[in-house]
Amino acid sequence: MDDDVFLVRFWGVRGSISVSGPEFSRYGGNTICIEMRCGKHTLLFDAGSGIRPAGWALRASGVNDFDLLFTHCHYDHIIGLPSFAPIYDRSVKVTLWSGHLAGRMTTRQMVDEFMRPPWFPVKMDVCKASLDCRDFVSGDVLRPREGVVVRTGSLFHPGGCIGYRVEWGGRVVAVITDTEHEPDKLDQAVLDLIEDADLVIYDCTYTEEEMERRRGNGHSTWQQGVKLCEAAGARGLALIHHDPTRTDEELDEIEKLAKDRFAGAFAARDGQTLKFPVSLHKKR
Ligand SMILES: [Zn+2]
Ligand SMILES: [Zn+2]
């Protein structure tokens with residue numbers, strides 16, 4: 001793996017529930033999972049169904065020590081965890097992080113609660129990997145690996161959700177998977193996380209036209225993503241958390257409209273990889 005590249009790979013870009021069928025084949029149907037490689041360090045964000053192929057790829061590339069950070073634990077962000085092969089491998093070490101339930105449930109409790117009968121045939125203790133569960137509070141600055149800084153903030157979403165800002169090698173990538181915006185207002189917490197970012201991965205579940213009847217669902221629009229990126233001086237905007245009804249053709253159309261408004265915008269697809277060259281001598 002390149003030591004001087006900040007790599008982002010989308011393993012799952014669908015929101016709410018996974019989908020399959022020819023009309024979804026190009027953008028993909030897996031729910032949220034994003035991989036970041038900061039040189040030799042690997043971070044995964046969320047364990048939606050996209051984490052299943054991510055697990056195979058990590059194994060194939062010999063990665064056996066990495067971090068998994070949860071934005072929150074709605075099903076579309078955790079459903080893939082029991083099918084994530086590395087957690088059954090005794091040679092693997094995973095550090096799991098969450099902060100959206102701070103004071104209510106630890107990361108360990110969240111995972112135990114999710115993977116147990118009667119919803120799952122066995123308990124977490126079948127996992128042979130070394131699982132190191134860490135808890136944080138929104139606003140904390142995490143340093144999961146040498147040189148990797150992860151800033152955290154609260155998003156506006158039912159039950160809470162954490163936004164992340166990952167800084168490494170002078171590059172910045174922000175993960176804002178699930179958040180609802182107020183009309184004609186820019187969320188300061190989001191602006192802080194995405195300021196001057198090379199890439200903002202943003203909840204574009206709806207369009208502004210759809211938003212009127214979708215208020216309260218906890219999601220946002222590509223139009224809001226563009227406004228936020230422009231205000232924050234961000235350069236790239238990955239539309240993610242696609243509505244499960246959204247077909248490839250509709251996403252093509254949305255991507256075109258978004259690109260016309262903001263040149264760095266694109267609709268993310270399962271399996272898509274972006275590489276940002278870094279200068280390891282430059283400090284932010
Ligand atoms: Zn979601
Ligand atoms: Zn959610």
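Atoms within a ligand are numbered from 1 in the order they appear, just like the ligands themselves.
- The Zn ion (ligand 1) has D76 OD2, H77 NE2, D178 OD2, H241 NE2 as its protein N, O or S neighbours under 2.8 Å.
- Scanning for salt bridge (charged side-chain N to carboxylate O under 4.0 Å, His left out) contacts around R214 gives an empty result, with sequence neighbours left out.
- In this structure, the ring of H77 has its center no less than 6.0 angstrom from the ring center of H100.
- For H219 and H157, the distance between ring centers is under 6.0 angstrom.
- Taking the side chain to side chain donor-acceptor pair (under 3.5 Å) definition, one finds that S49 meets it with N30, sequence neighbours left out.
- Partners of R108 by salt bridge (charged side-chain N to carboxylate O under 4.0 Å, His left out), not counting sequence neighbours, listed by chain and number: D112.
- Residues R215 and E180 are paired through a salt bridge, judged by an N-O separation under 4.0 Å between the basic side chain and the carboxylate.
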